[in-house]
Amino acid sequence: MSIESLFQQHQQQFNAEPYPSLATRKQRLQRLAGLLKQYDTALQQAVSRDFGQRSSVETQLLEIAPSLQGIKYQLSQLKRWLKPQRRAVHYTFAPAKNFVLAQPLGVVGIIVPWNYPIFLALSPLMAALSAGNQVMLKLSEFTPATNAVLAEMLAEGLTDCVSVVQGDANVAAAFAALPFDHLLFTGSTGVGRKVMQAAAANLTPVTLELGGKSPALLTADTDLAHFSQRLLFGKTANAGQTCVAPDYVLVPKARITALINQLQADFAKLYPDFATNPDYSTVINTQHYQRLQQLLSEALAKGATAYPCAVIGSEQQQQQRRLPLTLLVDVPEECQILQQEIFGPLLPIIGYDSFEQALDYIKSRPRPLALYLFSEDKRLQQRVLTQTHAGGVCINDTLLHVAQEDLPFGGIGPSGLGNYHGPEGFWRFSHAKAVHQKGRFSSSILIYPPFNRPLFKALLKWLMR
């Protein structure tokens, strides 16, 4: 079936049930949770095949568990979200009632990236289903094994509301051009622009989850020994192939050497026997591996110094695409590694002389998807929160703000448009329908023509007072 025919089928299904009941929505979410548990092992194995090596535990921890917890959260909140929201009525319009009804949008398109092919498919999916929509998922061509399992899983129990589309960039372009009622895209800023252009032809509203260069800011009071592993986890989970991974570190110049030593020591603790360590992911494919190598080579050629956190033979590294975390200092500003989102285990460390200089560095660059501050100084925390812009902030940790079910997730400016997760996810895929309700009597008859009536003139004078 063509994607156009598939889209029309979903439109027909939505028109047959334009406002699914609370019970129907819960049943769909419960089926999704049950299928996810049923296909847990198959999904772990498929992701590892797609990456070449990714720990099953990491897949459970970063993809399957958050998806299950997210469904649990949706189920616990859905009844409250569906209740019409009462709004005030000005006394001049009484007697009447005002309320807002969460209306499903219709058919929602979701374009899924390759780096977290389970969570970044199911997280927006559960929000769209909670809101009562029909959903089409376009999965990444770089994760064929995972796609096959997801397609089988969803076909087993959710064909009444979900379908899966697979294919290359041409299919993705055709997908984005469909007249969806909402389109969510997760991926690079460059592709996000193209998706938005395609959606604009249909006036399709979009949510763009992009990325950018998320900074980690360390201060003079940061306890390096205490916080180093938290920074490392954010950068080494999925080998740094995470949209909210720290992209560079700002640290007082006097602390650069101490930070490098601490990170190297803690990396050895987290990933002992790195060459064969089963907990560390490989780079997704040769194309992406070569891109990372080019970023590294350019930085070194222009004067940067590299501090690998582990040593591995170059032949094994290339064959297995197993790239250890590599710290970089003295990177010239014009290097691509400081201009592009890295999306891998390379971490520039940038020294600063004053906290104001560090803030200015962040503020002078495109607004990031995430910002990480490591400081226990409440005044510095407040300054960062109020003087910088980022999609989300983690204080004294990394990544974990994304896993908070009751918080919105999304970018700002070049790092994204709109957000989801939490109540915002439900409303992202709903139309807030305003309803004004009157009974048999309506005070509005007092403002009907003719306008030359003394009572009308007195009323208008009173309203304009």
Side-chain angles (χ1 to χ4, degrees), residues 1 6-7 9-47 59-60 62-82 102-112 116-139 143 145-166 180-182 184 403 405-406 420-423 425-430:
M1 182 184 297
L6 193 59
F7 175 78
Q9 178 179 303
H10 279 288
Q11 282 186 315
Q12 292 168 2
Q13 290 174 181
F14 179 77
N15 290 334
E17 192 178 19
Y19 194 88
S21 66
L22 172 63
T24 296
R25 301 184 200 204
K26 282 191 168 184
Q27 287 169 4
R28 288 173 176 174
L29 291 172
Q30 288 163 348
R31 273 184 284 169
L32 181 60
L35 290 167
L36 186 53
K37 293 175 183 177
Q38 178 183 334
Y39 282 82
D40 178 6
T41 301
L43 285 168
Q44 294 172 44
Q45 294 171 347
V47 171
T59 298
Q60 284 185 305
L62 299 180
E63 300 217 61
I64 296 174
S67 297
L68 288 170
Q69 291 300 315
I71 295 171
K72 184 178 179 181
Y73 167 80
Q74 299 275 335
L75 288 167
S76 71
Q77 301 296 314
L78 189 51
K79 183 177 180 180
R80 181 167 63 88
W81 291 339
L82 280 176
Q103 184 78 33
L105 293 176
V107 184
V108 170
I110 297 173
I111 301 178
V112 184
Y116 290 95
I118 303 169
F119 179 68
L120 293 178
L122 301 188
S123 182
L125 171 62
M126 67 181 74
L129 292 180
S130 291
N133 297 286
Q134 294 283 314
V135 182
M136 291 175 64
L137 291 171
K138 165 59 180 74
L139 305 181
T143 54
T146 307
N147 296 354
V149 178
L150 283 173
E152 180 183 343
M153 180 184 94
L154 295 171
E156 186 170 327
L158 289 165
T159 53
D160 61 325
C161 55
V162 183
S163 63
V164 169
V165 174
Q166 301 184 59
F180 289 111
D181 297 291
H182 196 94
L184 183 142
E405 292 101 351
D406 207 39
Y420 68 110
H421 294 193
F426 174 82
W427 285 103
R428 174 60 50 186
F429 296 112
S430 299

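- Residues satisfying the side chain to side chain contact (heavy atoms under 4.5 Å, CB included) criterion with Arg31, sequence neighbours excluded, are Arg28, Leu158, Asp160.
- Side-chain contact between Pro66 and Ser123: absent, with no pair of heavy atoms (C-beta onward) separated by less than 4.5 Å.
- Closest approach of Leu125 and Leu154 over heavy atoms only: CD2-CD2, 4.2 Å.
- Here the shortest heavy-atom pairing between Leu29 and Ile71 reads O-CG2, 3.5 Å.
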Inset, instruction - Please lay out, stage by stage, how Arg25 and Leu82 fare under the test side chain to side chain contact (heavy atoms under 4.5 Å, CB included). - result: CA-CA 11 Å; Arg25 301 184 200 204; Leu82 280 176; 3.3 Å; yes
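- Closest heavy-atom contact between Arg428 and Leu105: O-CD1, 3.8 Å.
- Counting heavy atoms from C-beta outward, Pro124 and His182 have side chains that stay 4.5 Å or more apart.
- Phe7 is linked by a side chain to side chain contact (heavy atoms under 4.5 Å, CB included) to Gln11, Val107, Met136, Leu178, Pro179, Phe180, counting only residues two or more places apart in sequence or in another chain.
- The two residues Gly422 and Tyr73 have their closest heavy-atom pair at CA-OH, 3.6 Å.
- Under the side chain to side chain contact (heavy atoms under 4.5 Å, CB included) criterion, Glu156 pairs with Leu35, Gln38, Tyr39, sequence neighbours left out.
- Across every non-hydrogen atom of Trp81 and Trp427, the tightest pair is O-CZ2, 4.4 Å.
- Pairs engaging residues 126-135 under the salt bridge (Lys or Arg N to Asp or Glu O under 4.0 Å) rule: none recorded [sequence neighbours left out].
- The line from CD of Gln74 to NE2 of His421 is 9.5 Å long, rounded to the nearest 0.5 Å.
- Here the CG atom belonging to Leu36 is positioned 8.0 Å from the CE atom belonging to Met126, to the nearest 0.5 angstrom.
- Atom CG of Leu32 is separated from atom NZ of Lys37 by 11.0 Å, given to the nearest 0.5 angstrom.
- Between the CD atom in Gln60 and the CD atom in Gln44 there is a gap of 4.0 Å [rounded to 0.5 Å].
- In this structure, Leu139 and Pro117 have side chains that are not in contact, with every pair of non-hydrogen atoms separated by 4.5 Å or more.
- Interatomic distance, CD of Gln27 versus OG of Ser21, reported as 7.0 Å (0.5 Å rounding).
- Listed by chain and residue number, nothing satisfies the side-chain hydrogen bond (donor to acceptor under 3.5 Å, both in side chains) test with Ser430 (two or more places apart in sequence, or in another chain).
- Counting heavy atoms from C-beta outward, Ile118 and Ile64 have side chains that approach closer than 4.5 Å.
- Not one N or O on the side chain of Thr159 forms a donor-acceptor pair closer than 3.5 Å with the backbone of Ala155.
- Here CG of Leu75 is found 9.5 Å from CG of Leu22. Values are rounded to the nearest 0.5 Å.
- Gln134 pairs with exactly one of Glu17, Gln12, Gln9, His10 by the side-chain hydrogen bond (donor to acceptor under 3.5 Å, both in side chains) rule, that one being His10.
- Taking the side chain as every heavy atom from C-beta outward, Asp181 and Asn133 never approach each other to under 4.5 Å.
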Inset, instruction - Walk me through it: do Val47 and Thr143 pass the test side chain to side chain contact (heavy atoms under 4.5 Å, CB included)? - result: CA-CA 7 Å; Val47 171; Thr143 54; over 6 Å; no
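- Under the side chain to side chain contact (heavy atoms under 4.5 Å, CB included) criterion, Ala151 pairs with Val164, Gln166, sequence neighbours left out.
- When all heavy atoms of Phe429 and Ala131 are compared, the closest pair comes out as O-CB, 3.3 Å.
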